[in-house]
Amino acid sequence: MSQPINNKLNQLIRNEAISMHVPGHKNNTIGDLNQLSLAMDMTEITGLDDLHQPEEIIDESMQQLRKHPDYEAYFLVNGTTSGILAVIHAFKHNSGDYLIARNAHKSVFHALELVQGTAKILPMQLSDTTYQFKTPLTSPFIEYVKKSKLAVFTYPNYYGETFDLASTINELHQQQIPVFIDEAHGAHFGLEGFPASALTMGADYVVQSYHKTLPALTMGSVLFVHKDAPLQEAVKQGLNYFQTSSPSYLIMASLEAAHTFYQNYDSQRFFRKRQQLIEQLNAQYIEVKEVDDPLKLILTVPGYSGFQLQKVFEAQHIYVELADTYHVLWVLPLWHEGDRYPFDLLLKRIAQIDAQPQVSTEQPSMTSMPNSTTVGAYTATTMANSKWVPLAKAQGKILAQHIIPYPPGIPMMFAGEKIGADMLKLLESWSRSNMTVEGLTNNQIKVKDE
């Protein structure tokens with residue numbers, strides 16, 4: 001076998017690829033993952049406990065993972081997705097609809113499909129900075145949300161923007177609606193200089209992707225369950241359903257190491273280096289937009305699309321988290337004393353970039369973005385028969401699967417929707433840009449076979 005995965009990974013290592021993306025260990029230059037050994041890849045032998053019935057060392061470890069006294073912590077070795085599936089599944093038999101914000105991750109919709117659920121979709125305000133979904137609107141729609149069985153919100157959004165989550169949780173709790181927060185990108189929240197976590201706001205369930213921003217192995221996440229949260233036993237049972245029966249001890253050990261890192265972290269070095277980095281970017285005419293989470297930077301150059309700017313960085317072997325029509329997104333390292341991150345090399349490579357601003361007639365506009373803010377509903381849809389068709393023949397057809405730019409993994413078009421002219425125009429634009437869009441491949445999409 002030619003081993004194409006190994007070959008590509010080794011090529012990136014040889015080229016000293018610099019990570020401005022997840023995971024948080026940044027190619028093993030942040031944190032203490034060197035304390036792990038492949039020899040630790042063991043199974044449930046005597047003394048190693050069982051994740052699906054933890055009574056010994058795994059239970060002891062999870063007890064120490066508490067970030068707030070009101071919450072129990074549960075290891076997730078199949079990523080935040082497994083926690084989302086478990087919580088949504090637990091509410092399957094309760095009366096009422098799920099309540100979700102429009103920027104829910106695809107795993108929320110997958111969970112709804114598994115339970116054949118229906119959801120009310122809350123409209124959202126768009127950000128003036130990133131032109132992305134930011135704030136779910138509850139107050140004007142309080143009659144609409146009544147009798148929902150579970151509310152699911154994303155906090156922060158993928159671009160590091162937050163909203164007044166505490167008020168939203170309080171408002172929904174007054175309606176007896178439990179709240180589940182997808183805090184995938186906020187495992188570092190609560191550190192000095194960073195936003196507060198949903199764990200301080202009384203959410204019933206909070207799930208964090210430790211691996212995204214803290215130095216843990218990919219797929220290492222934690223589900224936090226409030227002491228007063230409903231259906232706790234059903235959620236625990238769901239974790240058995242949606243997590244592998246052969247959990248990785250390496251991932252669990254990395255979660256321990258990442259949490260120790262979090263407990264001991266001093267932010268001062270991070271903010272010094274962050275400022276130095278911003279100054280170097282500005283010197284190369286790269287504009288920096290700062291958001292609520294200091295770990296995220298939004299970068300633009302007038303006259304460049306985000307996709308063009310991504311190529312500029314990759315020519316210097318600097319890899320970004322994502323590109324969109326107008327920006328690229330960087331996820332910074334949590335720099336610390338003794339880290340191995342190639343910071344000087346990063347500054348050197350940025351200094352070699354020549355991205356002269358260009359005059360552009362196209363200006364970012366919230367009205368030009370492909371995001372609907374209309375209140376609506378979602379019903380899980382499955383189709384027995386489907387087929388792939390070229391975009392040129394897709395108008396008027398019924399989508400057979402979600403269309404999901406990835407990252408960030410938010411469905412922009414839903415299975416069951418009729419493909420209109422505006423949708424088709426957007427799909428064609430995405431296809432030309434060569435961005436990764438799940439459900440769009442080789443200029444074709446999957447539609448209902450009628």
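Start at 1 with the first residue, then count along the sequence.
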Please check this pair: side chain of Gln243 against backbone of Phe75, looking for a donor-acceptor N/O pair closer than 3.5 Å.
yes
Between Tyr205 and Phe91, what is the ring plane arrangement, given parallel below 30°, perpendicular above 60°, and tilted in between?
perpendicular
Validation row: Val291, Lys134 side chains within 4.5 angstrom (heavy atoms)
no
So, Asp324 and His327: side-chain donor and acceptor under 3.5 Å apart, yes or no?
yes
Ser197 and Glu183: side-chain donor and acceptor closer than 3.5 Å?
yes
Just by distance, with hydrogens left out, do Gln275 and Glu279 show a side-chain donor and acceptor under 3.5 Å apart?
yes
Asn7 (side chain) donor-acceptor with Ser2 (main chain) under 3.5 angstrom:
yes
Expected output: side-chain Tyr249 to main-chain Leu48 donor-acceptor under 3.5 Å:
yes
Applying side-chain hydrogen bond (donor to acceptor under 3.5 Å, both in side chains), which residue pairs with at least one partner in residues 257-268 are found, sequence neighbours left out?
Tyr210-His259
When you compare the side chain of Val320 with that of Leu329, does any pair of heavy atoms fall below 4.5 Å?
no
Just by modelled atom types, is the Leu223 backbone N or O under 3.5 Å from a matching donor or acceptor in the Tyr71 side chain?
no
Quick check on side-chain hydrogen bond (donor to acceptor under 3.5 Å, both in side chains): which of Glu417, Glu438, Glu113, Lys446 does His402 satisfy it with?
Glu113
